[in-house]
> 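Mind looking over this structure? Questions follow.
Computed from a prediction, not measured in an experiment: that's the story for all the values here. Residue numbering restarts at 1 for every chain, and letters A, B, ... go by the order of the sequence lines.
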Number of protein chains: 2
Amino acid sequence: MREATPTSFVSAKMVAERAGVSRSAVSRTFTDGASVSEETRRKVLEAADALGYHVNHLARQLRERSNIVCLIVSDVTTPIRAGMLDILTRKLQAVGKITVVLNTEADEASVGRAMKLTLHYRADATVVLSGTPSSSLVQTALANGQEVILINRDDRLNGSENVGVDNAIAAREALFLLRRAGCERIAVVTSSARTPSLLARERHFVEAGLQEGIAIAVVEAGPTTYQSGFDAARRLFARSNPPDGVFCVTDLLALGFMDAARHEFGLRIPQNLCVIGFDNIEQAGWESYQLTTFDQPLEKIASHVVGLLVGSEPSGRGGGREAAVFEPPAIWRKSVRPLPA
Amino acid sequence: MREATPTSFVSAKMVAERAGVSRSAVSRTFTDGASVSEETRRKVLEAADALGYHVNHLARQLRERSNIVCLIVSDVTTPIRAGMLDILTRKLQAVGKITVVLNTEADEASVGRAMKLTLHYRADATVVLSGTPSSSLVQTALANGQEVILINRDDRLNGSENVGVDNAIAAREALFLLRRAGCERIAVVTSSARTPSLLARERHFVEAGLQEGIAIAVVEAGPTTYQSGFDAARRLFARSNPPDGVFCVTDLLALGFMDAARHEFGLRIPQNLCVIGFDNIEQAGWESYQLTTFDQPLEKIASHVVGLLVGSEPSGRGGGREAAVFEPPAIWRKSVRPLPA
DNA sequence: TTGAAAGCGGTACCAC
DNA sequence: GTGGTACCGCTTTCAA
């Protein structure tokens with residue numbers, strides 16, 4: 001079987017001709033809940049196989065939904081982003097949706113372009129992992145009947161669904177751990193990518209400090225990368241009164257920070273310096289780091305997103321304004337002392 | 001402007017009605033090389049904007065190509081895969097194609113399912129990053145006028161385009177570096193994922209050893225992960241006559257290997273042990289590792305792929321059987337001694 | 001420059 | 001159970 005004759009996509013018409021039946025018969029054969037005799041079905045399947053026919057799902061969408069979901073994302077190489085992408089694509093596939101990845105920069109113009117593509121391709125839904133789309137674009141997307149889901153951006157755009165992580169609770173917990181370790185000069189290392197999540201982690205950490213009457217040094221490191229963390233440590237430890245406990249708003253920053261502290265300044269972690277990260281990327285668990293951090297519950301987030309799309313989540317479309325926020329459990333490893341030094 | 005009235009996708013017809021023109025006029029307005037009066041154009045654009053209209057690219061494809069490219073890939077979280085995905089999606093977008101990511105397992109059944117999806121969604125091309133599709137599926141894809149591009153799989157499937165990296169040259173170079181460092185007990189750490197690339201690296205390394213009259217110990221580590229590398233080192237150094245120079249077929253394996261060697265056995269790298277990896281993932285350059293490795297020229301690979309798709313590459317569709325193979329430059333860092341100890 | 005009409009690949013509804 | 005027909009949204013003749 002399978003003769004590989006045609007040079008362009010095989011259509012139902014061709015199959016019908018070859019099988020000596022009508023196009024309707026072909027269509028029915030591939031629609032479950034059909035009404036086809038065993039005989040025709042056999043003929044159709046045989047012809048289809050010989051020709052290498054596959055139903056055109058794109059043409060199908062002219063009547064129904066496309067089953068396409070667009071993922072708008074930047075910095076795909078970053079472990080946490082790759083992780084989100086991985087689990088989302090897998091879970092979406094599992095419910096019969098395909099994922100088109102729109103790889104953008106985080107600026108509004110790029111995200112805007114991506115949002116338009118999403119509309120052009122009639123995606124059932126747009127999931128935004130990075131960047132913030134303009135409110136007006138979200139409006140048109142919604143108006144076009146598309147679902148818009150924002151992940152880890154605390155800003156509520158009218159009508160969009162939001163799912164993310166409780167940054168406040170983690171930030172407070174981070175401060176607690178550092179204080180318990182007896183740290184006295186505490187800093188938070190942030191990123192120049194001032195996304196809602198990152199900002200929230202920083203802000204709540206500083207506020208928690210305020211409440212306990214201690215001043216937190218805020219150092220902005222640059223883009224959210226290993227190198228930025230590395231550079232931040234270099235700057236911090238080159239001056240007097242360096243910190244002995246730091247919360248990095250991202251694991252990647254933390255890992256770079258640790259490496260500089262250890263290899264450039266000979267500091268020992270956690271003896272001389274305690275470090276906490278956020279995300280629980282795979283590398284945080286590597287033997288060289290053993291970073292104490294907070295886990296992004298990717299599984300839960302992705303499940304929730306998929307739930308929203310298949311409509312099983314309580315807050316159906318256009319309905320529930322409630323943002324879903326999951327608690328990021330602390331992952332206790334070895335970069336923080338359990339007790340004062 | 002923009003009134004957000006409709007509840008489902010806006011069509012050209014609606015725009016036409018609102019603008020008081022024909023559907024053809026709307027279509028022309030959005031096709032360049034049109035033939036529309038400034039006046040109608042204005043009316044159409046105004047109506048389109050008010051309604052939030054976006055041309056349905058899916059319906060468009062009923063006549064022309066879809067501009068969809070499917071990427072079949074497994075282990076997306078792996079840095080090297082994330083890197084490929086990142087650069088490919090960006091370059092494809094730059095030439096007006098969108099990428100649907102089919103996240104599969106590497107086994108033939110999963111890849112087969114993905115290949116079918118690719119056909120269902122009328123992708124112009126399928127790019128396979130992991131796993132090997134059955135030859136018959138490749139045939140039907142080609143027969144349907146789809147391009148099939150295999151990345152880093154040395155097996156030539158009839159009619160597919162191949163692009164990858166010269167594993168042989170790197171493997172030989174790796175042996176040379178280890179020998180020059182004075183290593184006497186040399187091993188290669190491989191993966192249980194016996195992909196063509198990984199196999200080639202192992203095989204050429206062993207052969208190069210043979211040619212120089214030295215026996216290479218082959219140790220199969222398990223899946224291509226950090227943990228596998230870690231475990232391999234544990235096993236190797238627990239027994240007598242452990243290696244003093246090892247080539248890991250993947251950076252991830254190498255990083256795990258290094259960590260176990262250092263933290264579990266107190267070995268110093270490169271003084272007591274030389275390690276070489278492959279891929280040049282970002283982590284290989286981190287201060288804790290400084291792994292000497294071979295670079296996957298992602299930029300070149302992706303450019304070549306895009307070139308094939310837009311037809312600018314010499315070996316046009318159905319034509320050139322020549323596989324494109326790029327040389328992976330050695331990235332000299334600090335995990336290998338420059339001279340014998 | 002413009003609108004009417006046909007056709008792209010499917011599905012759904014209609015008689016038969 | 002089956003084939004004919006209309007329609008999904010768009011582009012492209014073809015006349016006007």
> Would you indicate whether the side-chain heavy atoms of B:R113 and B:T104 approach each other to under 4.5 Å?
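No, every pair of side-chain atoms sits at 4.5 Å or beyond.
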> Judged by atom type as modelled, is there a donor-acceptor pair below 3.5 Å linking the side chain of A:S27 to the main-chain atoms of A:R23?
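No, the answer is negative, given that no donor and acceptor are paired below the 3.5 Å cut-off.
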> Extract from the structure each pairing of a protein N or O with an N or O of nucleotides 12-16 of chain C at less than 3.5 Å, listing the distance.
residue : atom : partner : partner atom : Å
C:dA12  : N6   : A:S24   : OG           : 3.4

> Would A:T89 and A:I98 count as a side-chain contact (heavy atoms from CB on, under 4.5 Å) here? Give the steps.
CA-CA 7 Å; A:T89 49; A:I98 64 165; over 6 Å; no
> Quickly work out the A:K13 NZ to C:dG9 P distance and round it to whole Å.
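Nearest whole value for this atom pair: 8 Å.
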> Between B:R18 and B:E46, is there a salt bridge with N-O shorter than 4.0 Å?
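Looking at B:R18 together with B:E46, the answer is no, because their closest N to O distance does not fall below 4.0 Å.
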> Could you tell me how far apart A:R42 (CZ) and D:dG1 (P) are, to the nearest whole angstrom?
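Whole-Å distance recorded here is 17 Å.
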> Hey, is A:R42 close enough to A:E39 for a salt bridge, meaning N to O under 4.0 Å?
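Between A:E39 and A:R42 there is a salt bridge, with a charged N closer than 4.0 Å to a carboxylate O.
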> Between A:S35 and B:V26, name the one whose nearest nucleotide on DNA chain D is closer to the 5' end.
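Nearest-nucleotide comparison on DNA chain D picks A:S35.
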> So, taking the atom named CD1 in A:I149 and the one named CD1 in A:I151, what distance separates them when rounded to the nearest 0.5 Å?
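That separation rounds to 7.0 Å.
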> Tell me: NE2 of A:H120 to P of D:dC10, nearest whole Å?
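To the nearest whole Å, that distance equals 11 Å.
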> Using the ring of each side chain (for Trp, its six-membered ring), is A:H57 parallel, tilted or perpendicular to B:H120, with breaks at 30° and 60°?
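Ring orientation, 0 to 90° scale: parallel.
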> Nearest whole angstrom, please: distance from the C1' of D:dC10 to the CG of B:N67.
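It works out to 15 Å between those atoms.
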> Find the distance B:L62:CG to C:dG10:C1' and express it as a whole number of Å.
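The answer, rounded to whole Å, is 9 Å.
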> Quick one: B:L51 CG to D:dG9 P, roughly how many Å, whole number?
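My rounded result for the distance is 13 Å.
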> C:dG9 P sits how many Å from B:L58 CG, rounded?
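Whole-Å distance recorded here is 14 Å.
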> Remember a base hit wins even if backbone is also touched, and classify A:S11 as base, sugar-phosphate or nothing at under 4.0 Å, heavy atoms.
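The residue A:S11 makes sugar-phosphate contact but no base contact.
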> Under 4.0 angstrom, heavy atoms only, what part of the nucleic acid is A:R41 near: base, sugar-phosphate, or nothing?
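Answer is nothing: A:R41 stays at 4.0 Å or more from every strand.
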> Which angle, to the nearest 10 degrees, lies between the helix axes at the two ends of the helix from C:dT1-D:dA16 to C:dC16-D:dG1, each defined by five pairs?
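The value is 50°.
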> Should A:E299 and A:K91 count as an ion pair when the cut-off is N to O under 4.0 Å?
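Yes, charged N to carboxylate O under 4.0 Å.
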> Is the distance between the ring centroids of A:F30 and A:Y53 less than 6.0 Å?
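Yes.
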> Starting from the 5' end of DNA chain C, give me the residue, B:T40 or B:Q61, whose nearest nucleotide shows up first.
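On the 5' side of the pair lies B:T40.
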> Using only side-chain N and O atoms of B:Y53, determine if any of them is under 4.0 Å from OP1 or OP2 of D:dC10.
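Checking B:Y53 against D:dC10: at least one side-chain N or O falls below 4.0 Å of OP1 or OP2.
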> For the pair made of CG in A:L119 and C1' in D:dG9, what is the distance, rounded to whole Å?
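Distance, rounded to whole Å: 15 Å.
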> Reckon B:R60 has a side-chain N or O less than 4.0 Å from the OP1 or OP2 of D:dC10?
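B:R60 to D:dC10 OP1/OP2: no side-chain N or O under 4.0 Å.
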